[in-house]
Amino acid sequence: MVLLQLDPFLNELTSMFERSTETGSVWVTLKRSSLKSKVVRNKMATAGEAIEYRCLIRATNGKKTISTSVGPKDHQRFQASYATILKAHMTSLKKRERKDKKKSSEADKREGTSKRPKKS
Amino acid sequence: MVYITSWDEFVERSVQLFRADPDSTRYVMKYRHCDGKLVLKVTDNRECLKYKTDQAQEAKKMEKLNNIFFTLMARGPEVDLSEVTGKEQTDAQPTKRGRGRKQ
């Protein structure tokens with residue numbers, strides 16, 4: 001498990017998506033974590049709680065796993081970059097079917113009106 | 001595995017699940033480009049909620065959900081989600097939005 005800084009993580013994530021276009025999946029997991037062991041956390045709790053929570057983000061393509069940890073200060077910047085990466089790569093999802101349905105219904109209508117005499 | 005059919009129900013239940021147990025709840029996303037499928041999973045290791053789709057428009061909704069989770073996880077589960085605006089930079093200070101009285 002490779003723990004990276006924010007920007008290298010985003011770069012690696014991008015290349016992971018690019019590599020899995022023909023075959024394979026990309027998993028991204030988000031979890032809240034304080035990155036401290038239970039012992040340390042208990043100590044902090046008894047002392048006077050100030051446990052800083054971070055968002056742990058893991059990404060894998062089944063073979064290789066990368067991860068990073070995002071704090072409240074960086075989370076908006078990460079969020080924006082992450083959204084951009086996803087938008088750029090999730091291209092194989094189907095577009096809205098409404099347009100197709102409309103076209104097919106229009107085609108049917110045209111066929112229908114050609115048979116019947118047109119109202120002028 | 002429980003696949004939820006309604007997006008809104010999935011969002012609401014996953015946020016509830018997170019708020020109930022923020023330390024063990026995780027959000028997983030799996031994307032397969034070759035199949036054109038996207039699957040989302042939220043679990044607290046007791047209960048599991050899943051949502052799958054192959055629609056591009058759902059990816060946009062998922063992005064909003066990502067934002068919600070990022071905010072919840074980085075800042076804490078007590079954060080008030082202003083889902084309409086999406087980002088709550090105005091959390092600390094109540095800013096006056098420009099709809100004051102016109103005099």
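Heavy atoms only: backbone and side chains are in, while hydrogens, waters and symmetry mates are out. Keep in mind it's a predicted model, so treat the numbers as computed, not measured. The sequence lines fix the lettering, A, B, ..., with proteins before strands; numbering per chain opens at 1.
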- Task: Apply the test side-chain contact (heavy atoms from CB on, under 4.5 Å) to residues A:Met90 and B:Leu38: give CA-CA distance (whole Å), side-chain angles for both, the deciding distance (0.1 Å), then the verdict.
- Result: CA-CA 9 Å; A:Met90 297 197 164; B:Leu38 177 68; 3.8 Å; yes

- A:Ile57 versus chain B, the contacting section by heavy-atom distance below 4.5 Å: side chain

- Task: Kindly give the heavy-atom pair with the smallest separation between B:Gly36 and A:Ser92, and that separation in Å.
- Result: CA-OG, 3.0 Å

- Message: I'd like to know if the side chain of A:Thr23 pairs up with that of B:His33 as donor and acceptor (distance under 3.5 Å, no hydrogens or angles considered).
- Response: no

- Side chains of B:Arg26 and A:Thr29: is there a donor and an acceptor less than 3.5 Å apart? no

- Item | Spacing of CG belonging to A:Leu30 relative to OG1 belonging to B:Thr25, to within rounding of 0.5 Å | 12.0 Å

- Message: Same cluster or not: B:Val15 versus B:Trp7, using hydrophobic residues (I, L, V, M, F, W, Y) connected whenever any side-chain heavy atoms lie under 4.5 Å apart?
- Response: yes

- Message: Evaluate B:Asp23 against A:Lys31 for side-chain contact (heavy atoms from CB on, under 4.5 Å), listing each step before the verdict.
- Response: CA-CA 8 Å; B:Asp23 287 328; A:Lys31 193 185 166 165; over 6 Å; no

- Query: Does B:Val28 share a hydrophobic cluster with B:Tyr3, counting links as ILVMFWY side-chain heavy atoms below 4.5 Å and allowing steps through other members?
  - Reply: no

- Query: How many angstroms lie between CZ in A:Phe78 and CG in B:Asn66, if you round to the nearest 0.5 Å?
  - Reply: 9.5 Å

- Note on the structure: Nearest heavy-atom contact between A:Ser25 and B:Arg32 is OG-NH1, 3.0 Å

- Query: Relative to chain B, which segment of A:Thr91 carries a heavy atom at a distance below 4.5 Å: side chain, backbone, both, or neither?
  - Reply: both

- Message: Shorter than 4.5 Å, heavy atoms on both sides: which option in B:Lys60, B:Met73, B:Glu63 has the most such pairs with chain A?
- Response: B:Met73

- Message: Please identify, among A:His89, A:Arg58, A:Lys87, the residue contributing the most non-hydrogen atom pairs under 4.5 Å to chain B.
- Response: A:Lys87

- Do A:Tyr82 and A:Leu3 share a hydrophobic cluster, counting only Ile, Leu, Val, Met, Phe, Trp and Tyr and linking them when any side-chain heavy atoms are less than 4.5 Å apart? no

- Task: Scan side-chain atoms only and decide if A:Ser20 and B:Tyr31 contain a donor-acceptor pair under the 3.5 Å cut-off.
- Result: no

- Task: Under the side-chain contact (heavy atoms from CB on, under 4.5 Å) rule, what do A:Val26 and B:Lys30 come out as? Steps first, then yes or no, please.
- Result: CA-CA 6 Å; A:Val26 179; B:Lys30 172 171 132 178; over 6 Å; no

- Item | Considering all heavy atoms, the nearest A:Gly24-B:Cys34 contact | N-SG, 3.9 Å

- Which one, A:Leu86, A:Val28, A:Leu93, leads in non-hydrogen pairs under 4.5 Å with chain B? A:Leu93

- Could you state whether B:Phe69 and A:Trp27 fall into the same hydrophobic cluster, counting links through intermediate Ile, Leu, Val, Met, Phe, Trp or Tyr residues with side-chain heavy atoms under 4.5 angstrom apart? no

- Please report the C-alpha distance between B:Phe70 and A:Gln76 in whole Å, then the side-chain angles of each, then the deciding distance to 0.1 Å, and finally whether the side-chain contact (heavy atoms from CB on, under 4.5 Å) criterion is met. CA-CA 8 Å; B:Phe70 272 122; A:Gln76 267 158 2; over 6 Å; no

